[in-house]
Amino acid sequence: MSALTETGELEVWVDQDLCTGDGLCVQYAPEVFEFDIDGLAYVKDSAGELLQNPGVRTGVPARLRLEVIDAAKECPGDCIHVVRSDDDVEIAGPDAD
């Protein structure tokens, strides 16, 4: 496990304009990602409620950090953004270094 996945809070969001509806994210972390009726992926809050506002973020549970990071890295649409909560640096996704 890397230092990025061991410390610090992470947040994730999906850019629906780029989402291909492939579903890898839902396979990797169904507690965090879900399809809506439009066939696009969205994030869910800690209570499992779908968050449908564009750019809305949700916290990544510590036990699912690797799955969420892998989902961002494998996403064919490059639409999943995983950022550190404390400094807003993207650690996985299209804007990650």
Side-chain angles (χ1 to χ4, degrees):
M1 218 182 272
S2 75
L4 290 175
T5 59
E6 290 177 0
T7 60
E9 296 293 319
L10 300 179
E11 295 178 326
V12 62
W13 65 279
V14 176
D15 182 344
Q16 283 77 30
D17 289 338
L18 299 176
C19 182
T20 62
D22 187 81
L24 286 175
C25 58
V26 177
Q27 292 175 7
Y28 274 104
E31 291 178 53
V32 177
F33 303 103
E34 183 177 316
F35 285 124
D36 197 13
I37 194 166
D38 61 7
L40 302 177
Y42 293 81
V43 293
K44 299 190 286 188
D45 65 16
S46 60
E49 295 296 318
L50 202 62
L51 303 175
Q52 296 172 302
N53 293 330
V56 68
R57 299 177 179 187
T58 193
V60 177
R63 70 185 186 290
L64 296 175
R65 287 181 180 179
L66 287 177
E67 289 85 348
V68 170
I69 290 169
D70 286 344
K73 289 180 178 179
E74 299 298 323
C75 176
D78 278 335
C79 65
I80 301 171
H81 300 264
V82 182
V83 299
R84 291 189 306 232
S85 299
D86 59 351
D87 61 8
D88 216 35
V89 169
E90 187 158 317
I91 63 157
D95 298 329
D97 291 331

Query - Shared hydrophobic cluster, Val12 / Ile91 (ILVMFWY, side-chain heavy atoms < 4.5 Å) - result: yes
Query raised in the report: Same hydrophobic cluster for Val56 and Val82, using side-chain heavy-atom links shorter than 4.5 Å among ILVMFWY?
Result: yes
Query raised in the report: What distance do Trp13 atom CH2 and Glu90 atom CD have between them, rounded to the nearest 0.5 Å?
Result: 7.5 Å
Report summary line: Checking Asp15, Val43, Val14 against Ile80 for side chain to side chain contact (heavy atoms under 4.5 Å, CB included), the one that qualifies is Val14
Requested in this report: Nearest 0.5 Å please: distance from the OH atom of Tyr42 over to the CG atom of Asn53.
Outcome: 9.5 Å
Requested in this report: Decide yes or no for Gln16 and Asp36: does some side-chain heavy atom of the first lie under 4.5 Å from some side-chain heavy atom of the second?
Outcome: no
**Report entry** Atom pair CG (Leu24) and NZ (Lys73), whose distance is rounded to the nearest 0.5 Å
**Finding:** 14.5 Å
Report summary line: Between Pro94 and His81 the two heavy atoms that sit nearest each other are CG-CE1, 3.2 Å
Query raised in the report: Is Val26 reachable from Ile69 through a run of hydrophobic residues whose side-chain heavy atoms are each under 4.5 Å from the next?
Result: yes
Report task. Taking the side chain as every heavy atom from C-beta outward, state whether Arg57 and Asp88 have any atom pair closer than 4.5 Å. Result -> yes
Requested in this report: For side-chain contact (heavy atoms from CB on, under 4.5 Å), just list the numbers for Asp78 and Leu18, CA-CA rounded to whole Å, side-chain angles, deciding distance to a tenth of an Å, and then say yes or no.
Outcome: CA-CA 7 Å; Asp78 278 335; Leu18 299 176; 5.6 Å; no
**Report entry** Rounded distance [0.5 Å steps], CG in Leu40 versus CG in Asp22
**Finding:** 12.0 Å
Report task. Start with the C-alpha gap between Leu10 and Arg84, add the side-chain angles, then the distance that decides, and say whether side-chain contact (heavy atoms from CB on, under 4.5 Å) holds. Result -> CA-CA 5 Å; Leu10 300 179; Arg84 291 189 306 232; 3.9 Å; yes
Report task. Could you tell me whether the side chain of Glu67 reaches within less than 4.5 Å of the side chain of Gln27, counting heavy atoms only? Result -> no
Report task. Examine distances only and state if a side-chain atom of Lys44 and a backbone atom of Pro30 form a donor-acceptor pair shorter than 3.5 Å. Result -> yes
Query raised in the report: Of all heavy-atom pairs between Cys25 and Ala41, which one has the smallest distance, and what is that distance?
Result: SG-CB, 3.6 Å
Query raised in the report: Yes or no on side-chain contact (heavy atoms from CB on, under 4.5 Å) for Phe33 and Val68, after CA distance, side-chain angles and deciding distance?
Result: CA-CA 9 Å; Phe33 303 103; Val68 170; 4.1 Å; yes
Report task. Any chance you could lay out the side-chain contact (heavy atoms from CB on, under 4.5 Å) test for Glu31 and Arg63, step after step, and finish with the verdict? Result -> CA-CA 11 Å; Glu31 291 178 53; Arg63 70 185 186 290; 2.3 Å; yes
Report summary line: Looking only at heavy atoms, the pair that brings Gly93 and Ala72 closest together is N-CB, 4.1 Å
